[in-house]
Amino acid sequence: MEHNSTLDLPPGRNPTPRAQNGGSTEEEAPMSIDTTIVSVTTIEQIGQYAGQKVRLRGWLDTMRSSGKIRFLKLRDGTGRIQGVLTKNDAGEELFERTGHLGQESSLIVEGEVREDARAPGGYELLVSGVEIVHNAEGYPITPKDHGTDFLMDHRHLWIRSQRQHAILRVRAQVMRSISDWLDNHGFLRIDTPILTPSACEGTTTLFETKYFESSAFLSQSGQLYNEATAMAFGKVYAFGPTFRAEKSKTRRHLMEFWMVEPEMAFVDMWENMEIQEQMVSYVVQQCLQHRRRELELLERDLSKLEKIVPPFPRIHYDEAVQILRDKGVEFEWGGDFGGTDETVVSEQFDRPVFVHHFPAAVKAFYMKPDPDRPETVLGADLLAPEGYGEVIGGGQRLDDLALLEQRIAEHQLPTEAYAWYVDLRRYGSVPHSGFGLGVERTVTWVCGIEHVRETIAFPRTLYRLYP
RNA sequence: UCCGGAGUAGCUCAGUGGUAGAGCAACCGGCUGUUAACCGGUUGGCCGUAGGUUCGAACCCUACCUCCGGAGCCA
């Protein structure tokens, strides 16, 4: 992130190029930053420079003025620190010049790092020089309350705020931990196409786009392609965006969302679940370890996350139906779970719960039926606790040529388009399984927040394509 | 698509038939330890749009638009 990292240089001895003054609106104002050699650092690293003079480059978060003393809260993307400026120490000229800075003005600030119990974070900067790179006027997001719609209209600015930083950092950690776990367990990342000739699962509505003289669809899943790459490499995963043109309007839905989809040859439904619980536990524990500060800022109940360790409970669809009925929910065997159904079931457990053996009728055509009860499939959904709902859908795939051809016919799917997929059952078919984990839902759960739309920088919701 | 809620200052909202309001933001001034600072002042309005009822409509009625929450579908 930092181009001028000072990590491996002794403090105070790394000459950095003089900051350019091109964006300054000050006319012929003297450079108030002196030319002595001062370390450029980040707020994250500032503790290493206690008692020394440093230079920070960032944006003005808030400013409070009190006549002869001024507090400039600076953020630089790595953290926030309060700069203190007094008329006596800083001098009349500097004090006057910083009196009319708007929120989010970009600044290069120089000063001495001081430990101070009064400062949030333990350190503050005794400001001795300020270069105004750009003085911002009328920043729309004030420190007061705003509605979601207003904030979403200003999403490009909203992501500068502390809460959004915390969420997006947790997201990055979740994605990184997923990749780490899979890479360390013999999976090869092979990404699948986003432009596809036809529906993958044939269930949801797809976004259609021009493809020269014909049309193409934005992928709703890499699932089918993953099966091909798994037959080529054994253990694989795809990690990328997926698109669903469903008119879903809930706190769990986005039109564009990210999914990681591992697929494994010679793995059955039960082993599939073991892999999932290992990976999910690892991801949650890594977030606790590396993003604790962010989770605390979000006021997440960390004790709930600490419980996320294997094994996760596994219940049969029949049991789940019984739980619903015991809790007074009218539910007929054979249906899929709605949001509230998922909540009722998952609230019975303090860990994510697998619900397996769903009725075949509500699942995709490629799911393998249970030989003993063919009206159910060898698949499992993973429901996150605390009512966060389905974060994983997965299962064992149909590996029998004749049965797959029959299913494709039953679902009235175009045979030509699936010819390559059927081929996989013709040349060395093996039992195989996989799953798809929704990144935004997982991040929502880990963060303990209300809505998936804050877990991606620029969410695509039903009626929002801006910014 | 269906059900429910809401559109009033830049933002968050009050105002339920009789002169358009508050807090914050912005702007001016005061204050040497502020944490969503505080104090004084100034600016700021096609009350979502179009009809209708009424002497008179932000307010009542009708339609439409937009947003929010939920359902369905899904990760």
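Bear in mind that the values here come from a model prediction, so they are computed numbers and not experimental data. Below, chains carry the letters A, B, ... as their sequence lines are ordered, and counting in each starts from 1.
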Note to self: So is the aromatic ring of A/Phe257 stacked onto the base of B/rA75, judging by whether the centres are under 5.5 Å apart and the planes are under 30° apart?
What the structure shows: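 Yes, the aromatic ring of A/Phe257 stacks with the base.
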Notebook entry, point to check: Is A/Arg453 near enough to B/rG69 that one of its side-chain N or O atoms lies under 4.0 angstrom from OP1 or OP2?
Noted result: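 Result: yes.
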Checklist line | N or O in side chain of A/His451 less than 4.0 angstrom from B/rC68 OP1/OP2 | finding: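 The answer is no; no side-chain N or O of A/His451 sits under 4.0 Å from OP1 or OP2.
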Polar pairs (N or O, both sides) under 3.5 Å between protein and nucleotides 24-30 of chain B?
none

Any idea which of [options] is nearest the [X] side chain?
X        : options                : result
A/Glu246 : B/rC73, B/rU34, B/rU32 : B/rC73
A/Asp149 : B/rA75, B/rG33, B/rC67 : B/rC67
A/Phe150 : B/rC11, B/rU1, B/rG33  : B/rC11
A/Thr86  : B/rU34, B/rU32, B/rC67 : B/rU32
A/Arg251 : B/rA75, B/rG70, B/rG33 : B/rG70

Once you apply a heavy-atom cut-off of 4.0 Å, does [X] come out as touching a base, just sugar-phosphate, or nothing?
X        : result
A/Gly338 : sugar-phosphate
A/Arg163 : nothing
A/Asn88  : base
A/Lys87  : nothing
A/Ile392 : sugar-phosphate

Using only modelled atom types and a 3.5 angstrom limit, is any donor from either the side chain of [X] or the base of [N] paired with an acceptor on the other?
X        : N      : answer
A/His146 : B/rC11 : no
A/Glu124 : B/rG33 : yes
A/Ser248 : B/rC73 : yes
A/Arg441 : B/rC74 : yes
A/Arg252 : B/rG69 : no

Given the [atom1] atoms of [N] and [M], what is the spacing between them in whole Å?
N      : M      : atom1 : value
B/rC24 : B/rC61 : P     : 35 Å
B/rG4  : B/rC13 : P     : 23 Å
B/rU8  : B/rA58 : P     : 15 Å

Note to self: Under a plain distance cut-off of 3.5 Å, with no hydrogens placed, do A/Glu208 and A/Ser215 share a side-chain donor-acceptor pair?
What the structure shows: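 The criterion, which ignores hydrogens and geometry beyond distance, is satisfied for A/Glu208 and A/Ser215.
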Item checked: Any side-chain donor near an acceptor of the partner, A/Gln162 and A/Arg75, under 3.5 Å ->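 Result is no, nothing qualifies.
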Note to self: Is the ring pair A/Trp333/A/Tyr317 parallel, tilted or perpendicular, if the boundaries are 30 and 60 degrees?
What the structure shows: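 The rings of A/Trp333 and A/Tyr317 stand perpendicular, inter-plane angle above 60°.
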Note to self: Within 45 degrees of the ring normal and closer than 6.0 Å to the centroid, is that where the cationic atom of A/Arg70 sits relative to A/Phe95?
What the structure shows: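 Pair A/Arg70/A/Phe95 counts as cation-pi.
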